[in-house]
Amino acid sequence: MYDECLFLSNSYLKEFNATVERSGPRFVVLDRTAFYPESGGQPSDTGILLHKQETVRVFKVLRRGSDIFHYIEGDLPVGAFVRGVVDWDVRFLNMRRHSAEHLLSGLFKRVLAGPKVYSDLQRLEYKPSDLTVEDVNKVAKWFNEAIIADVPVRIYYANRDELNVTGDERREEFLAKIPRDVQRLRMVEFPGYDLNFCFGTHVRSTGEIGRLVSLNLKEGKRRRKIVNFDL
Ligand SMILES: [Zn+2]
């Protein structure tokens with residue numbers, strides 16, 4: 001799983017060479033890829049595959065079992081040698097927003113926001129809690145301080161059995177979704193802010209995320225607290 005997923009070892013890789021291993025109507029599986037498949041709240045990459053004189057658009061990438069399916073506008077034969085090019089502007093924005101999601105998740109723990117039930121690239125959702133506008137303003141201030149501090153993001157691997165997620169429903173749920181045969185978990189640490197296992201793509205240091213343009217608190221359904229953010 002780790003060797004063929006080039007986005008895990010280098011999330012800044014924009015172009016790569018690969019061979020088509022499986023193909024069908026409007027999809028291919030490659031022997032290696034830098035295209036990020038939709039998961040963990042981070043959307044799928046898009047881009048192109050170049051094959052001889054042909055340019056084929058990749059419009060969606062999904063993980064199915066242990067394979068990564070590239071959905072394409074056209075067909076390519078098994079054995080075809082291709083060059084993949086990721087739509088970098090979209091991916092980099094996703095990386096910045098997803099990294100912001102990590103940072104905000106860590107900072108909201110400091111103000112005791114309570115259990116997080118959902119988050120994506122622009123929203124965090126908490127169970128009913130005493131979270132106030134003052135707390136949100138505090139988090140916004142800390143967030144922008146972390147951007148100025150330009151803290152390097154640390155990525156390393158840990159043994160699944162060493163990880164304790166007891167009591168954290170969302171992490172328990174995420175962990176359960178990772179196949180049992182995956183023993184090495186990818187840990188993503190924003191030192192001093194957040195530590196979580198994650199197979200997504202992240203920026204190298206907090207400075208690249210950029211400052212918040214907005215961070216707003218809203219009352220959600222069933223009295224949940226929703227925080228919307230934008231960079
Ligand atoms: Zn992540």
Side-chain angles (χ1 to χ4, degrees), residues 1-102 118-123 153 155 157 174 177-188 196-205 208-210 229-231:
M1 155 170 182
Y2 297 108
D3 296 337
E4 69 269 26
C5 297
L6 304 173
F7 51 85
L8 289 178
S9 51
N10 180 6
S11 57
Y12 286 80
L13 192 65
K14 304 168 185 75
E15 298 193 18
F16 64 101
N17 295 326
T19 305
V20 175
E21 266 190 350
R22 258 176 84 186
S23 79
R26 301 204 155 213
F27 78 82
V28 286
V29 175
L30 305 174
D31 63 339
R32 59 215 287 270
T33 187
F35 283 97
Y36 182 75
E38 177 185 311
S39 63
Q42 198 173 336
S44 149
D45 278 340
T46 54
I48 52 172
L49 293 177
L50 303 169
H51 174 243
K52 295 181 181 168
Q53 306 308 320
E54 208 183 347
T55 300
V56 181
R57 182 107 206 117
V58 178
F59 60 90
K60 189 115 192 141
V61 186
L62 296 175
R63 186 182 285 284
R64 297 202 175 282
S66 56
D67 287 333
I68 294 177
F69 280 63
H70 301 69
Y71 293 93
I72 54 177
E73 289 173 356
D75 296 313
L76 288 168
V78 170
F81 182 68
V82 294
R83 182 154 186 87
V85 183
V86 175
D87 284 337
W88 182 248
D89 290 352
V90 181
R91 154 69 89 76
F92 189 55
L93 179 61
N94 289 344
M95 267 161 60
R96 288 175 51 225
R97 285 177 166 167
H98 175 69
S99 301
E101 186 188 336
H102 275 263
Y118 175 81
S119 66
D120 62 27
L121 298 193
Q122 292 192 284
R123 183 159 67 107
V153 177
I155 294 178
Y157 287 85
F174 272 142
K177 278 187 200 161
I178 299 173
R180 277 309 308 180
D181 59 336
V182 177
Q183 267 303 312
R184 280 195 321 149
L185 291 185
R186 186 169 180 258
M187 306 303 295
V188 178
N196 209 343
F197 56 89
C198 182
F199 292 88
T201 62
H202 310 85
V203 294
R204 288 191 192 101
S205 64
E208 284 191 62
I209 298 173
F229 68 95
D230 209 352
L231 300 171

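As a basis for the values below, the full set of heavy atoms in this structure was taken, side chains included, without hydrogen atoms, waters or symmetry mates.
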Peer 1: Find the distance between CG (Leu8) and OH (Tyr36) and round it off to the nearest 0.5 Å.
Peer 2: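 Interatomic distance, Leu8 CG to Tyr36 OH, rounded to 0.5 Å: 8.5 Å.
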Peer 1: What distance separates Leu13 CG from Trp88 CH2, expressed to the nearest 0.5 Å?
Peer 2: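 Atom-to-atom, Leu13:CG and Trp88:CH2 are 8.5 Å apart.
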Peer 1: Within the structure provided, determine whether Ser11 and Met95 are in side-chain contact (heavy-atom separation under 4.5 Å).
Peer 2: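 They are in contact (side-chain heavy atoms under 4.5 Å apart), so the answer is yes.
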Peer 1: Within a strict 4.5 Å, meaning less than it, do heavy atoms of the Glu101 and Leu121 side chains meet?
Peer 2: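 Side chain of Glu101 against side chain of Leu121, heavy atoms only: contact under 4.5 Å found.
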Peer 1: Do Phe7 and Ile68 touch side chain to side chain, with heavy atoms closer than 4.5 Å?
Peer 2: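 Sidechains of Ile68 and Phe7: in contact.
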Peer 1: Might you work through the side-chain contact (heavy atoms from CB on, under 4.5 Å) test for Val56 and Arg26, ending with a clear yes or no?
Peer 2: CA-CA 10 Å; Val56 181; Arg26 301 204 155 213; over 6 Å; no
Peer 1: Can Arg83 and Glu15 be counted as an ion pair, charged N to O under 4.0 angstrom?
Peer 2: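 Judged by the 4.0 Å cut-off on N to carboxylate O distance, Arg83 and Glu15 do form a salt bridge.
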Peer 1: Taking C-beta and beyond as the side chain, do Val29 and Phe69 meet within less than 4.5 Å on heavy atoms?
Peer 2: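 They are in contact (side-chain heavy atoms under 4.5 Å apart), so the answer is yes.
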Peer 1: Output every pair passing salt bridge (Lys or Arg N to Asp or Glu O under 4.0 Å) with a member in residues 38-47, not counting sequence neighbours, ordered by first then second residue.
Peer 2: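 Qualifying pairs: Glu38-Lys60, Asp45-Arg91.
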Peer 1: In Å, rounded to the nearest 0.5 Å, how long is the span from CD1 of Ile72 to NE2 of His51?
Peer 2: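 That separation rounds to 10.5 Å.
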Peer 1: What verdict does the side-chain contact (heavy atoms from CB on, under 4.5 Å) test give for Thr55 and Arg57, after you've listed the backbone C-alpha separation in whole Å, the side-chain angles of each residue and the deciding distance to 0.1 Å?
Peer 2: CA-CA 7 Å; Thr55 300; Arg57 182 107 206 117; over 6 Å; no
Peer 1: Roughly how far apart are Asn196 CG and His102 NE2, rounded to 0.5 Å?
Peer 2: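 One finds 6.5 Å between CG of Asn196 and NE2 of His102.
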Peer 1: If every non-hydrogen atom of Ser23 is compared with every non-hydrogen atom of Val28, which pair is closest and at what distance?
Peer 2: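 Smallest heavy-atom distance, with atoms named: CB-CG1, 3.9 Å.
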Peer 1: If you take all heavy atoms of Gly24 and Asp75, which pair is closest and at what distance?
Peer 2: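 That would be O-OD1, 3.5 Å.
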Peer 1: Grab the two heavy atoms, one from Tyr71 and one from Arg64, that are nearest each other, plus how far apart they are.
Peer 2: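 So the two residues come closest at OH-NE, 2.8 Å.
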Peer 1: Between Phe35 and Phe16, is the ring centroid distance below 6.0 Å?
Peer 2: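 Ring centroids of Phe35 and Phe16 are less than 6.0 Å from each other.
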Peer 1: Might you point out which heavy atoms bring Arg63 and Pro37 nearest each other, and give the distance in Å?
Peer 2: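 That would be N-CB, 3.7 Å.
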Peer 1: Go through the steps for Gln122 and Asp230 under the test side-chain contact (heavy atoms from CB on, under 4.5 Å), then give the verdict.
Peer 2: CA-CA 6 Å; Gln122 292 192 284; Asp230 209 352; 3.4 Å; yes
Peer 1: So Cys5 and Arg186, do their side chains get closer than 4.5 Å, heavy atoms only?
Peer 2: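 Contact flag for Arg186/Cys5 side chains = no.
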Peer 1: Check whether any side-chain heavy atom of Val188 sits under 4.5 Å from a side-chain heavy atom of Ile155, and report yes or no.
Peer 2: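 When only atoms from C-beta onward are counted, Ile155 and Val188 do touch, with a gap below 4.5 Å.
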Peer 1: Is there a side-chain contact between Leu30 and Leu49 in this structure, where contact means two heavy atoms from C-beta onward sitting under 4.5 Å apart?
Peer 2: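 Yes, their side chains come closer than 4.5 Å.
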Peer 1: Does the pair Arg97 and Asp120 meet the rule for a side-chain contact (heavy atoms from CB on, under 4.5 Å), with working shown?
Peer 2: CA-CA 9 Å; Arg97 285 177 166 167; Asp120 62 27; over 6 Å; no
Peer 1: Aromatic rings Phe92 and Tyr12: how do their planes relate, parallel, tilted or perpendicular, breaks at 30° and 60°?
Peer 2: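 Rings of Phe92 and Tyr12: tilted, as their planes differ by 30° to 60°.
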Peer 1: Quick one, Ser99 and Glu208 - any side-chain contact, counting heavy atoms below 4.5 Å?
Peer 2: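 No - every pair of side-chain heavy atoms lies 4.5 Å or more apart.
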Peer 1: Just how far is it from atom CG of Asn17 to atom CG of Leu50, taken to the nearest 0.5 Å?
Peer 2: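 Atom-to-atom, Asn17:CG and Leu50:CG are 10.0 Å apart.
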Peer 1: For a quick test of reading the model, state the closest non-hydrogen atom pair linking Val203 to Ile209 and the distance between them.
Peer 2: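 Shortest heavy-atom separation between Val203 and Ile209 comes out as CG2-CG1, 3.8 Å.
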